[in-house]
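Reminder, nothing fancy here: chain letters follow the sequence lines and each chain counts from 1. Side chains are part of it too, since the values below use all heavy atoms of this structure and drop only hydrogens, waters and symmetry mates.
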2 protein chains.
Amino acid sequence: MAEARPHSSMAPQRFLDAAARLFARDGFHAISMRDIARELGVTPGAIYAHYPSKMRILAAVYEEGVRRVASAVDAALASAQDPWVQLERASAAHLGEILDRDSGYASVVIRVLPADAPELAEEMTELRDQYEARFRTLIAALPLPPETDRTLFRMTLFGALNWTPVWTRSGQKAPEDIARAIIAMLRPAEVTPVDA
Amino acid sequence: MAEARPHSSMAPQRFLDAAARLFARDGFHAISMRDIARELGVTPGAIYAHYPSKMRILAAVYEEGVRRVASAVDAALASAQDPWVQLERASAAHLGEILDRDSGYASVVIRVLPADAPELAEEMTELRDQYEARFRTLIAALPLPPETDRTLFRMTLFGALNWTPVWTRSGQKAPEDIARAIIAMLRPAEVTPVDA
DNA sequence: TTCATAAATGAACGTTCGTTCATTTCTAGA
DNA sequence: TCTAGAAATGAACGAACGTTCATTTATGAA
């Protein structure tokens, strides 16, 4: 029973969880430190024993959000497959995270824009780029008509996926079903490779 | 020279324009009444000669935003055409409005969510529904494979369109080009009608 | 049982928020 | 030139904001 890790208690996680859920639901600027404290039944000052500012809380939530959605996508891609199946699974994993209203971590990543926190803009953009690289690779491997702009393809897919929290009721449809239908719409009927 | 309309000077428009631009750029909660006033070189109190509250300014901006994007789409649909061409033109008109960083009116409609202003949620949702009805009709007329969920098709299209402000640099690409490419991706190669 | 440490309190700070209002300034018609 | 009405000022209001800190409370190892 030697849980001997020097620092790092489990307590700070509670604050992050609450902040993630509230930021995801109402937006960063609409939530105050007092809101987060009230959610946990503590005093505003208690938060500062673990995080030095509201901005650093957002940074920590954002970081964890990217970590979670990236892990989910990586797990979904573990077994090699047909590129379209891979993209569908990655999309389903992405959706599963951002539609999870109980967590909120991944939702914050798509809801809070760099412009909402100028001092964090660089950090946020870099984390997002690292995550989106997975989809860049995935889409690069897709057999698409030669005239297709793959950057625009990626942005169209992200748009379709990231817009779902706006119109879906929580738990109404399974992420896998939505992902399957979206990918089916974006999938060209057939691509005959140019003869060599 | 009989400009004899009883009330209604042109002045309030200036306040709305500034509010729309700032709300679109930074979000409703991130902008204060003092920000709006500063943008126009006036005192915060001046705003209240024209609008009774920040919420009513948002309501007026939102209403005008819907009016503008709806007008743009209606104008684009004036001449009857092939359904896919109509949808592409409507999408280009929609994009043209929400990508107009100088105006901001239409951007507010897609950036400010009902959850940002609970007291306006009903009003906002109804206006949006009225606007989106145009696309419901347009998409209903599309020859699509029978298994296609047209609601999901509409949401996918809106997602792709409404996500563009996040990734495009202002004026980088023409709205018409983006719309053409997005519609091309969503357009099935061919639909052979079920034989009667 | 003692005690060092971590966690939380509760009160307060300076600032900014949305909003109000008596007063002043501007402007256009008579 | 006078004047009524609209527009804007400038100062202030109470409330809420992010944050600080001396003090109290809880906890786990010795």
> For DNA chain D, what residues of residues 33-45 of chain B have any heavy atom nearer than 4.0 Å?
Replying inline: Arg34(B), Gly41(B), Val42(B), Thr43(B), Gly45(B)

> With ring centroids as reference points, do Phe28(B) and His29(A) lie under 6.0 angstrom apart?
Replying inline: no

> Counting side-chain heavy atoms from C-beta on, which of dG18(D), dA8(D), dA8(C) comes nearest to Tyr48(A)?
Replying inline: dG18(D)

> In chain order, what residues pass the side chain to side chain donor-acceptor pair (under 3.5 Å) check against Glu64(A), with sequence neighbours excluded?
Replying inline: Arg67(A), Arg68(A)

> How many Å lie between NZ on Lys54(B) and C1' on dT16(C), as a whole number?
Replying inline: 12 Å

> What residues, two or more places apart in sequence or in another chain, satisfy side-chain contact (heavy atoms from CB on, under 4.5 Å) together with Asp100(A)?
Replying inline: Asp102(A), Ser103(A)

>> Could you tell me how far apart Ile31(A) (CD1) and dC17(C) (C1') are, to the nearest whole angstrom?
In response: 17 Å

> Quick one: is His50(B) getting a side-chain N or O under 4.0 Å of the dA8(D) phosphate, OP1 or OP2?
Replying inline: yes

> Under 4.0 angstrom, heavy atoms only, what part of the nucleic acid is Ile57(A) near: base, sugar-phosphate, or nothing?
Replying inline: nothing

> side-chain hydrogen bond (donor to acceptor under 3.5 Å, both in side chains): which pairs involve residues 110-123 of chain A, sequence neighbours left out?
Replying inline: Arg111(A)-Asp116(B), Asp116(A)-Arg111(B)

> Which nucleotide in the list dA8(C), dG18(C), dA8(D) gets nearest to the side chain of Ser32(B)?
Replying inline: dG18(C)

> Between Asp26(A) (CG) and dA16(D) (P), how many Å, whole number?
Replying inline: 17 Å

> With sugar-phosphate meaning primed atoms plus P, OP1 and OP2, does Ile47(B) contact a base, only sugar-phosphate, or nothing at under 4.0 Å between heavy atoms?
Replying inline: nothing

Distance-only donor-acceptor hits, side chain of residues 166-189 of chain B, under 3.5 Å, sequence neighbours excluded:
{"unit_1": "Thr168(B)", "atom_1": "OG1", "unit_2": "Thr164(B)", "atom_2": "O", "d": "2.8"}
{"unit_1": "Asp177(B)", "atom_1": "OD1", "unit_2": "Arg180(B)", "atom_2": "NH1", "d": "3.2"}

> Reckon Ala49(B) touches a base, only the sugar-phosphate, or nothing at all at heavy-atom distances under 4.0 Å?
Replying inline: nothing

>> According to salt bridge (charged side-chain N to carboxylate O under 4.0 Å, His left out), who are the partners of Arg38(B), at least two apart in sequence or on a separate chain?
In response: Asp35(B)

> What integer distance in Å separates His29(A):NE2 from dG18(D):P?
Replying inline: 11 Å

